[in-house]
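Report on the following structure.
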Amino acid sequence: MTVLVTGGAGYIGSQMVLELADAGERVVVLDNLSTGFSWAVPDGVPLVIGNAGDPELVAHLVGEYGIEAIMHFAASIVVPDSVREPLAYYRNNTVNSRALIECAVQNGVKNFVFSSTAAVYGNPAEIPVTESAPTLPISPYGWSKLMSEIMLRDAGHAHDLRYVILRYFNVAGADPRRRGGQSSKGATHLIKVAVETALGLRPKIEVFGTDYPTPDGTCIRDYIHVADLVRAHSDALHYLRSGRPSLTLNCGYGRGFSVFDVIAAVKRAAGVDFKVEIAGRRAGDPAQIVADSGAARTALGWRPRYDDLATIVTHALAWERELPRRQVASSEAIAAPSA
Ligand code: UDP
């Protein structure tokens, strides 16, 4: 019984691989390395470089490794990029997911865990948002994921395929044991940007909009520690293996922080001040989104362990400090002649 993790060399996928490997699961990673890193995949876990939407390749992996479950992380994830490049997002997120779901159905993979997003809710009318709230995305990113959800739902009705769709709120932080974290260059996500600014890697951070209808005028998000998020996936896998019905669940903590709250937390954790510049609103940003996470706790028995903004930013900072060492070690490994 092997779990196929698409996007397993990326930020969240690689944390998933660590979690599965720690639990003694057999894992194989499929990643095209467009944003991931081969060094992020732990030793002993096979890394196949390729596209999650390549049916021949996936069919081959299912046979070769005896894949019993797919965890599908591979995707493009930057909301403003999706506004600029919608068709690229529909291809990479929606079209590839369609092919992967079909491949699962045709090759008898019965368990599917899908990385979806709170962006499917758009600007929710009520906070916290429950899974039954209307889905009305305000970005192509959100639509690209919602379309994938719909395909999974319909395929699940028609075929012998069960799924758990996890709608992520704002994922941040890093492995508490410093084995991995968010490593891509040119990151756009708030905590990563703030941490890079705190460490002097950027001259300043911009706050995108201070005129939102929120207490301090900046957007409110529900930041969830990546280690708790991947634990929800393991819980989902156990849930599916026990033969229970498909589910769609929020993954957040149920409390929100503003952009200013996050910047203050990073300054505190890093013990430094840095330049903060007020800028205009960014396209595709909802004012406020916070999860009702009761369903994941009840259905999966999910128990978060790092529900604390200071812990999240402290782990993000620790990884950012570790990252140059990891990059140097990996380039030395590549440069070294093989024995
Ligand atoms: N944000 C910001 N400055 C940055 C990056 C993000 O003000 O450098 C804001 C962004 O406009 C949003 C919030 O932080 O209101 C969270 O954005 P992020 O990109 O981290 O996640 P998203 O909610 O878009 O998935």
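For ligands, and for the atoms within them, numbers begin at 1 and follow the listed sequence. Predicted model, so just to flag it, every value in this text is computed and none were measured.
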What does the contact table look like for ligand 1 (nitrogen or oxygen on each side, cut-off under 3.5 Å)?
unit_1, atom_1, unit_2, atom_2, d
ligand 1, 3 (N), Glu206, O, 2.7
ligand 1, 7 (O), Glu206, O, 3.4
ligand 1, 7 (O), Phe208, N, 2.9
ligand 1, 11 (O), Asp285, OD2, 2.5
ligand 1, 17 (O), Arg282, NH2, 3.4
ligand 1, 19 (O), Arg282, NH1, 3.3
ligand 1, 19 (O), Arg282, NH2, 3.0
ligand 1, 20 (O), Leu190, N, 2.7
ligand 1, 21 (O), Asn170, ND2, 3.0
ligand 1, 23 (O), Asn170, ND2, 2.9
ligand 1, 23 (O), Arg221, NE, 2.7
ligand 1, 24 (O), Arg282, NH2, 2.8

Under 3.5 Å, sequence neighbours excluded: what are the donor-acceptor pairs made by side chains of residues 62-69?
unit_1, atom_1, unit_2, atom_2, d
Glu64, OE1, His60, NE2, 2.7
Glu68, OE1, Arg241, NH2, 3.1
Glu68, OE2, Arg241, NE, 2.7

Name the atoms and distances for all side-chain donor-acceptor pairs under 3.5 Å in residues 297-305, with sequence neighbours left out.
unit_1, atom_1, unit_2, atom_2, d
Arg297, NE, Ser293, OG, 3.1
Arg297, NH2, Tyr253, O, 3.4
Arg297, NH2, Ser293, OG, 3.2
Thr298, OG1, Gly294, O, 2.9
Trp302, NE1, Asp228, O, 2.9

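If you run ring-ring contact (aromatic ring centres under 6.0 Å, His included) between His233 and each of Phe73, Tyr239, Phe112, only Phe73 comes through.
Grouped with Val95 in a hydrophobic cluster is no other residue, since no side-chain heavy-atom contact under 4.5 Å to another Ile, Leu, Val, Met, Phe, Trp or Tyr is found.
Between Phe37 and Trp39, the two ring planes are parallel [angle under 30°; tilted spans 30° to 60°].
A donor and an acceptor atom, one from each side chain of Asn96 and Asn51, are located under 3.5 Å apart.
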